[in-house]
Amino acid sequence: MNFLEERILKDGIVKEGNVLKVDSFLNHQMDIELLDRIGEEFYNRFKDKNITKVLTIEASGIAIACFVAKYFNVPLVFAKKSKSVNIDGDMYVAEIESFTHNCKNQVIVSQKFLNNDDHLLIIDDFLANGCALQGLISISENAGATIEGIGIVIEKGFQIGGKVIRNLGYHLESLAIVESMDASTSTVIFRDQGGNG
Ligand code: 5GP
């Protein structure tokens, strides 16, 4: 079991509706030491790629991606959620359905900050159905950037996102993959990633 899986077992809370709450160390209160280890772990997994920028989505992804960007010594760009339909010029736009908030958001990135020279590492906190990632992938493709890899902190392996993204051919690394969880017994079972988890 890796450091993140241990922490999820210790402090994660399984909620009804397939939601894992990790707000005591990742999504609300943040354990900075843990974020630093996460940043280092993603660096180790992707250091052979020529990463020029880290891309994430607000809000929870930002803090994690900061540490990743620090290890790679590259800028971090985050997609902003925007309710406005009249996005003025020069923006890459994608529509994303939110798993946790059950609504649709437009997400935007200024064209100033992504272009076809970029080699991206996409980072997010959770992977569930993959909508957030699909939005970031679409924005990256619109920019003509190369997606070198995708790093997820917690993948919920019983939802479709991981399968879809891997089938598209992306190099996706998840630090913990939840195989199953049960709110009534507060149990979380992880996928065995062969020592790499
Ligand atoms: P997806 O777009 O893959 O369906 O969902 C990913 C997004 O939904 C993540 O960025 C994360 O913010 C949120 N999310 C999905 N599942 C969970 C969950 O079980 N717990 C928490 N805290 N957030 C989740």
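Just so you know, ligand 1 is whichever comes first in the structure, and atom 1 is the first atom listed for that ligand. On a predicted model such as this, the values are computed, not experimentally measured, just so you know. The figures here come from the full heavy-atom set of this structure, side chains too, leaving out hydrogens, waters and symmetry mates.
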Is the ring pair F72/Y43 parallel, tilted or perpendicular, if the boundaries are 30 and 60 degrees? perpendicular
If you look at every heavy atom in R45 and E173, which pair is closest and at what distance? NH1-OE1, 2.8 Å
With backbone taken as N, CA, C and O and side chain as the heavy atoms from C-beta onward, which portion of D23 lies under 4.0 Å from ligand 1: side chain, backbone, both, or neither? neither
Looking at every non-hydrogen atom in both residues, tell me the closest pair between D182 and V14 and how far apart they are. C-CG1, 3.7 Å
Mind checking whether V22 has an N or O less than 3.5 Å away from an N or O of ligand 1? no
Are the charged groups of R37 and E33 less than 4.0 angstrom apart, N to O? no
Close approach of G130 to ligand 1, heavy atoms, under 4.0 angstrom: yes
For ligand 1, which atoms sit closer than 4.0 Å to a heavy atom of A132? 2 (O)
Under the side chain to side chain donor-acceptor pair (under 3.5 Å) test, which residues partner N115, sequence neighbours left out? none
Would you say M181 has any N or O atom under 3.5 Å from an N or O of ligand 1, going by distance alone? no
Report yes if some N/O of C131 lies less than 3.5 Å from some N/O of ligand 1; otherwise report no. yes
Give the single entry among T56, V19, D125 that approaches atom 11 (C) of ligand 1 most closely by any heavy atom. D125
Sub-4.0 Å heavy-atom approach of K21 to ligand 1: no
Using the salt bridge (charged side-chain N to carboxylate O under 4.0 Å, His left out) rule, collect all pairs that involve residues 58-78, keeping only residues at least two apart or in two chains. none
Counting from 1 in the order shown, the ligand 1 atoms closer than 4.0 Å to a non-hydrogen atom of N27 are 22 (N)
Heavy-atom side-chain proximity of F126 to V22 below 4.5 angstrom: yes
Taking C-beta and beyond as the side chain, do N27 and K21 meet within less than 4.5 Å on heavy atoms? no
Going by the closest heavy atom to atom 19 (O) of ligand 1, which one wins out of K156, E97, Q159? K156
Within 4.0 Å of some non-hydrogen atom of N18, the atoms of ligand 1 are 19 (O)
